[in-house]
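The structure under discussion appears below in the form of structure tokens.
In this text, all values refer to a predicted model and were calculated from it rather than measured experimentally. Each ligand, and each atom within it, is numbered from 1 in the order the structure gives.
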Amino acid sequence: MKPTEKIWMNGEFVAWKDAQVHVLAHALNYGTGIFEGLRVYPNSDGKAIFRLKDHMKRFMEGAKVMAFDMPYSQEELCEAVKETVRVNGEVDYLKPCAFLGGEWVGLNPIGVPVTVTITAIHMGSYLGKEIQEQGAKIATSSWKRPWNMAAPAGAKVNGIYVTSCLAKMEAVKQGANEALMLNAQGNVAECSGENIFILKRGKLYTPKTTDSILEGITRNSIMQLARDMGYEMIESEVSRLEAYTADEVFMTGTAAEITPVTMIDHRPIGDGVPGKVTRQLQQAFHDVVTGRDERYADWLDHV
Ligand code: PPE
């Protein structure tokens, strides 16, 4: 990975190569961390971070779920994210992390110090420019999305991402671009790092927050944009069959933005090309994040 200038680590900026932890850091061995992902976009008057407060609110909520003793407030972290953009210049993605560090063996996390970092990177297109434009082929994974009885599936907890990594690897080895994960009920939950939407008979559907999904901020933004554009937008259970027979399918995420899905398990979705509504939402989202649509100016934090 191409290094950027400086990483914010426990309140100070350190050089990329100096942002190190011990091999016995608790999070490295037991997955006891949380993270976020935010994008920064060029706007007419500089740069803006998309939904900064909402991302850092989710970060603090994740810390609460993990019972971390967070050394910084949400406001301090928002400021630190902005500062990280300023000192690193041309970056487009930020990854705040909070994890149990130390030098430790043993599961009990009580008393292990929390390390907080914010790394800026140059991500570009997450799934690849061609996939984002032409559509992704996705494959149902044999790995199910962890559900509430086993893990706090609604929080971005590091350890939970093992399932996403296994699912993604399986999909890629099968020749697909992304994995579709089902929940304990066998309904559609989400992809390895994206939420999913389907369009059927003119209405948009996306799995409910209780369907073992991460409550995506892009998901929330698209729900609002779709409603403002006059579409009926329904949060409901989505079966695998409904996904196969949808007129359009797309994924949403900070990294993947809005990516059309043109094939699920070798079955073409609609005409097998990105759909009209997907294209419309992609364009609308682009206008919002680049500050061209003033109705959503509140979602942008200028740096
Ligand atoms: N589901 C999962 C499991 C997930 O990881 C993400 C974000 C989403 C849904 C979409 O959430 P939101 O970004 O708030 O719209 N996944 C991050 C993955 C990046 C990474 O590889 O790391 C992201 O998009 O930033």
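No side-chain donor-acceptor contact under 3.5 Å links N195 to the backbone of E190. Between the side chain of R58 and the backbone N or O of K156 there is no donor-acceptor pair closer than 3.5 Å.
With values rounded to the nearest 0.5 angstrom, T254 atom OG1 is found 7.5 Å from E36 atom CD.
Aromatic rings from Y161 and F35 are positioned such that their centres are separated by under 6.0 Å. In this structure, the ring of Y93 has its center no less than 6.0 angstrom from the ring center of Y41.
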Report every pair formed by an N or O atom of ligand 1 and a protein N or O atom separated by less than 3.5 Å, giving atom names and the distance to 0.1 Å.
unit_1	atom_1	unit_2	atom_2	d
ligand 1	1 (N)	E190	OE1	2.7
ligand 1	5 (O)	K156	NZ	3.3
ligand 1	5 (O)	Y161	OH	2.5
ligand 1	13 (O)	T254	N	2.9
ligand 1	13 (O)	T254	OG1	2.5
ligand 1	14 (O)	R58	NH1	2.9
ligand 1	14 (O)	R58	NH2	3.0
ligand 1	14 (O)	I217	N	2.7
ligand 1	15 (O)	I217	N	3.3
ligand 1	15 (O)	T218	N	2.9
ligand 1	15 (O)	T218	OG1	2.5
ligand 1	16 (N)	K156	NZ	3.3
ligand 1	16 (N)	G193	O	3.2
ligand 1	21 (O)	Y126	OH	2.6
ligand 1	24 (O)	T254	N	3.3
ligand 1	24 (O)	A255	N	2.8
ligand 1	25 (O)	Y93	OH	2.4

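Test N10, T115, V116 against P71 for side-chain contact (heavy atoms from CB on, under 4.5 Å) and you get one pass: V116.
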